[in-house]
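Note sheet for the following structure.
Worth knowing before you read on, the calculation uses all heavy atoms, side chains too, and leaves out hydrogens, waters and symmetry mates. Residue numbers begin at 1 in each chain, while the letters A, B, ... track the order of the sequences. Please read all numbers here as calculations on a predicted model, not as lab measurements.
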Amino acid sequence: MSALIQQLNPEQHAAVTLPAENALILAGAGSGKTRVLTTRIAWLISTGQVSPAGILAVTFTNKAAKEMMARLSAQLPISVRGMWIGTFHGLCNRFLRAHWREAGLPQTFQILDVQDQLANIKRLLKALNVDEQRHPPKQVQWFINGAKEQGLRPGDVEARDQQSRQLVEIYLAYEAQCTRDGVADFAELLLRSYEILRDNPAIRAHYRQRFRHILVDEFQDTNRLQYQWLKLLAGPEDAQGACVFAVGDDDQSIYAFRGAHAGNMDDYQREFHVRHLIKLERNYRSHGHILDSANTLIANNARRLGKNLRTEAGAGEPVRVFEAPSDYAEAQWLIDEVRQLLREGLPHSEIAVLYRANALSRVIEGALFNAGLPYRVYGGLRFFERAEVKHALAYLRLLDNPQDDTAFLRVVNFPARGIGARTLEQLQDAARLRATPLSEAVDALGGRGAASLQAFLDLVAQMRFQTAAMSLPDLVRHVLEASGLNAHYREEREGQERLENLEELVNAAAAFVTQEGFGLNATAQQRQALGTASDAADSPAAIEAIDPATGETLSPLTAFLTHAALEAGDNQAQNGQDAIQMMTVHAAKGLEFDAVFITGLEEGLFPHENALSEADGVEEERRLMYVAITRARKRLYLSLAQTRMLHGQTRYNLRSRFFDELPPQALKWLSAKQPGFSQVLASSFDRDEQRGWNAPSKAVSGGFDPSTFTPPPPKTSHGLRVGQGVFHNKFGEGVVLSLEGSGDEARAQVRFNRHGTKWLALNIAKLTPVN
DNA sequence: GATCGAACCGTCCCC
DNA sequence: CGGTTCGATC
């Protein structure tokens, strides 16, 4: 332990050994944040200030929680099992499983993921006869989650106009539906835990007494409700209360769009009377030029807590910048540079290609593929989100809880068993009338439909009976067969991959059982009979809590389903192999690579056009750029394309404003940096010509390079070029962002100073060039 | 109830 | 452009 402490730098050391009072650690990118957090816990425990059971640590991802757990078990001689370490949602789930009575949930309640929630909302909108044009399901979902994240129940939402009154009504009905089904969405886990703590003094006192130290990672990403939850749990600032150790970086707050409130850091300092503010500014990751770029860029943000990273690693290579005439040329250039890096001995996996939006990956993917370079794209569907897996999970959920209408509707007719939309409508009407779950409304129906439905219920009941004594993996395998899912996908032409995924689900169940230390028995009752319940209580997964009143534990099935919802699984099958890493900037947060390419650095893409109209939008984009830059250890490449194919049309983009915010001396332009020339309309190129275009990989530093010189603007009938200032009679002054088409078809995208960005048909709109 | 085509839509995606 | 979704059709 003392050896661990001695390896820390003075600031880290100070943070780790702070007295038991509320503290805020401003930890810059690459400053050893995770290390400080885990060493703090280890220090607290090994100095006898707290027992493992008195520790609560919150992370943002399961991955981070696992990593922390792994590091701790390496650092501490004792078991880490008594600690509560997990995500907000994981911890709240654990809490609710223990206090399900107070929560008004069945102990086996299941968790709705984003897809399930949306499906539920769609179903509800139909039942309520709400026009989906007027209230698109996605927006309703956004509204409900937004309200919950502010801690607002339907009655608390202020509804002035008709539109929002209806939204509140939908919210109310949605809640009723979830309660009836015995399910909770992600936000609900938090809100309900919060309410129990708020309304139940005995429970509140119990947890306050238990958790002496609360540690929070990625504090800048907490939302309002999470903050309130922490506040409630920590309690008053006296002997009763816990002490909070918050670690965060306001400059890396990139999740405002989903409710994160970086202002929580200010509030925290004030409301928790934080006496210890420590900045970790020494960066152990990046070379000087890279760090200078990050620092200079982020200095353009107004509202910052203030922090400047420094390194002792030396300036290193300059940041290489390349402006390509097209997206295709950008990809080609990237391939050349990647090859050079590989020649220098870098492993593929130390090279990352980052982009602002997933749509930008395709061109680069194609180029990498053609070049025969191995790559791995992150993002997309994750394992437990795949349709076939969700079908299987729906059957499993029905075994656990027949009232789960979401699961019921998902598989009642899949594989097809002659239960049509008409029948289901009748069933839903009947269920609504009698206020019962769908499964209990079946006998209200008559006719052929009722018989088929009854057959389905019998099937599920039979599966439940047959699997009662099975181990979890056997149970899953049995359900795959008995439900007809396997047969269905065996028949299907494209079903091979899906079958494999279902087989993988059995493996996942087996792995889960091993990891969580579940025995081979399937039911809680059996587990209790065998006296194994206490093992589950200590499980690190934080899912199977014991009911304090009855000692009843969750069945492995319920625990597994919870696991599936809270941890959607990896989204990639072929991991492990040495490949170039491709991902969005968001996905790259927390990762680091020797070499990083940030691509598509164009106005409208990065910063994204949608962000420009939002309050603080550009600042968040800048933080995003800051995150991207600080991923790189040794090499950083920035690139953009003057023309880009996006959404089926060619866009002509300006160079990102962020280039003007980087220190010129840290950059090395591989293409000419000549705004007058580089920003021209490149429509005179035809695609084939660009295809043959090759970037010189040993480029001239800074200055003008004739070989990459883009020709002057072609003569166009309208005489406009990108970047041109124009005047419009109605909209006033603006700048041409892009041009497309020719003759009568010609259109210009113009950003007006006062009226936003518009597309104008040039044969109609009168645009006068200015200046 | 499967299948095909028209229509739509398109930041980031943790839990 | 490319995917997903929805409605019309056999």
Side-chain angles (χ1 to χ4, degrees), chain A residues 58-65 86-93 111-118 122 132-133 136-138 141-142 145 148-149 184-190 217-218 220-223 225-226 253-260 327 354-363 366 378-382 384-385 387 413-423 488 491-493 542-543 562-569 571 583-590 600 604-614 617 620-621 623-625 627-628 644-651:
Chain A
V58 199
T59 61
F60 258 79
T61 61
N62 289 300
K63 204 174 139 208
T87 62
F88 276 105
H89 295 88
L91 297 172
C92 286
N93 171 64
I111 297 165
L112 292 186
D113 69 12
V114 189
Q115 291 178 38
D116 297 331
Q117 187 186 33
L118 191 63
K122 281 184 182 164
E132 292 203 2
Q133 305 289 30
K138 280 238 171 73
Q141 184 177 31
W142 184 80
N145 290 335
K148 289 190 181 188
E149 277 161 14
D185 58 49
F186 284 132
E188 187 68 32
L189 294 176
L190 272 156
D217 194 9
E218 307 278 12
Q220 77 283 353
D221 286 337
T222 50
N223 63 33
L225 182 57
Q226 289 162 341
S253 159
I254 55 173
Y255 285 109
F257 73 94
R258 65 173 194 219
D327 47 355
L354 309 185
Y355 32 82
R356 175 66 239 266
N358 280 307
L360 303 194
S361 73
R362 193 159 276 125
V363 183
Y378 288 77
L381 268 197
R382 322 210 322 185
F384 288 113
E385 291 167 356
N413 197 35
F414 192 95
R417 41 178 78 88
I419 299 172
R422 261 186 347 275
T423 308
H488 175 86
E491 293 298 306
E492 208 176 69
R493 271 163 295 159
I543 359 187
T562 305
H563 166 79
L566 284 179
E567 223 176 312
N571 37 25
M583 65 194 84
T584 63
V585 181
H586 281 92
K589 188 175 174 198
L605 285 178
F606 202 173
H608 196 276
E609 52 205 354
N610 294 359
L612 300 180
S613 53
E614 288 162 22
E620 176 141 328
E621 295 288 305
R623 291 192 292 269
L624 201 48
M625 181 68 183
V627 167
R644 180 179 296 282
M645 196 66 166
L646 204 64
H647 304 328
Q649 57 176 351
T650 308
R651 297 171 44 132

Side chain of [X]: nearest nucleotide among [options]?
X: Arg382(A); options: dC14(B), dC6(C), dT11(B); result: dC14(B)
X: Glu621(A); options: dC1(C), dT11(B), dC15(B); result: dT11(B)
X: Lys122(A); options: dC6(C), dT11(B), dC15(B); result: dC6(C)
X: Arg258(A); options: dC13(B), dT11(B), dC6(C); result: dC13(B)
X: Asn358(A); options: dC1(C), dC15(B), dC13(B); result: dC13(B)

Next item on the list: Answer yes or no for this row: Phe257(A) ring on dT11(B) base, centroids under 5.5 Å, planes under 30°.
Entry: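 Phe257(A) ring does not meet the centre or angle cut-off for dT11(B); no stack.
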Note to self: I'd like to check, for His89(A), whether its ring lies over the base of dC15(B) with centroids under 5.5 Å apart and a plane angle smaller than 30°.
What the structure shows: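 The base of dC15(B) is not stacked with His89(A) (the test needs centres under 5.5 Å and planes under 30°).
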Next item on the list: Could you tell me whether the side chains of Gln117(A) and Gln115(A) share a donor-acceptor contact shorter than 3.5 Å?
Entry: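 No - no donor-acceptor pair under 3.5 Å links their side chains.
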What contact category does [X] fall into here, base, sugar-phosphate, or nothing, at under 4.0 angstrom with non-hydrogen atoms?
X: Asp113(A); result: nothing
X: Asn62(A); result: sugar-phosphate
X: Glu492(A); result: nothing

Using the 3.5 Å cut-off, write out each protein N or O paired with an N or O of nucleotides 1-3 of chain B and the distance between them.
from	atom 1	to	atom 2	distance (Å)
dG1(B)	OP1	Gly418(A)	N	2.9

Between [N] ([atom2]) and [X] ([atom1]): distance, integer Å:
X: His586(A); N: dC15(B); atom1: NE2; atom2: P; result: 14 Å
X: Leu360(A); N: dG2(C); atom1: CG; atom2: P; result: 15 Å
X: Asn145(A); N: dC13(B); atom1: CG; atom2: P; result: 17 Å
X: Arg644(A); N: dG10(B); atom1: CZ; atom2: C1'; result: 15 Å
X: His608(A); N: dC13(B); atom1: NE2; atom2: P; result: 12 Å
X: Leu91(A); N: dC14(B); atom1: CG; atom2: C1'; result: 15 Å
X: Asp217(A); N: dC14(B); atom1: CG; atom2: C1'; result: 13 Å
X: Leu118(A); N: dT5(C); atom1: CG; atom2: C1'; result: 12 Å

Notebook entry, point to check: Does dC13(B) have OP1 or OP2 sitting under 4.0 Å from an N or O in the side chain of Thr584(A)?
Noted result: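 Yes.
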Check: For dG3(C), does OP1 or OP2 lie under 4.0 Å from any side-chain N or O of Arg362(A)?
Finding: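 The answer is yes; a side-chain N or O of Arg362(A) sits under 4.0 Å from OP1 or OP2.
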Next item on the list: Grab the two heavy atoms, one from Thr87(A) and one from Gly90(A), that are nearest each other, plus how far apart they are.
Entry: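 Nearest heavy atoms, Thr87(A) then Gly90(A): OG1-N, 2.8 Å.
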Note to self: If I compare all heavy atoms of Glu620(A) with all of Tyr255(A), which pair ends up nearest, and what's the gap?
What the structure shows: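 So the two residues come closest at OE2-N, 3.6 Å.
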Next item on the list: Could you go through the salt bridge (Lys or Arg N to Asp or Glu O under 4.0 Å) check for Asp113(A) and Arg382(A) one step at a time?
Entry: CA-CA 12 Å; Asp113(A) 69 12; Arg382(A) 322 210 322 185; over 6 Å; no
Item checked: Nearest-nucleotide comparison on DNA chain B, the residue closer to the 5′ end among His647(A) and Val585(A) ->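 Mapping each residue to its closest nucleotide by heavy atoms, the 5'-most match is His647(A).
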Checklist line | Position toward the 5' end of DNA chain B (nearest nucleotide), Ala357(A) or Ala568(A) | finding: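 The answer here is Ala357(A).
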Next item on the list: Given side-chain contact (heavy atoms from CB on, under 4.5 Å), test Ile111(A) with His89(A) step by step and report yes or no.
Entry: CA-CA 10 Å; Ile111(A) 297 165; His89(A) 295 88; over 6 Å; no
Check: Given the rule in the side-chain contact (heavy atoms from CB on, under 4.5 Å) test, do Asn413(A) and Thr423(A) qualify, once you have shown the distances and angles that lead to the verdict?
Finding: CA-CA 11 Å; Asn413(A) 197 35; Thr423(A) 308; over 6 Å; no
Next item on the list: Please assess Leu360(A) against Arg644(A) for the test side-chain contact (heavy atoms from CB on, under 4.5 Å), listing each intermediate value before the final yes or no.
Entry: CA-CA 9 Å; Leu360(A) 303 194; Arg644(A) 180 179 296 282; 3.9 Å; yes
Next item on the list: Using the salt bridge (Lys or Arg N to Asp or Glu O under 4.0 Å) rule, take Glu621(A) and Arg356(A) through it: C-alpha gap first, then chi angles, then the decisive distance, then the call.
Entry: CA-CA 9 Å; Glu621(A) 295 288 305; Arg356(A) 175 66 239 266; 2.6 Å; yes
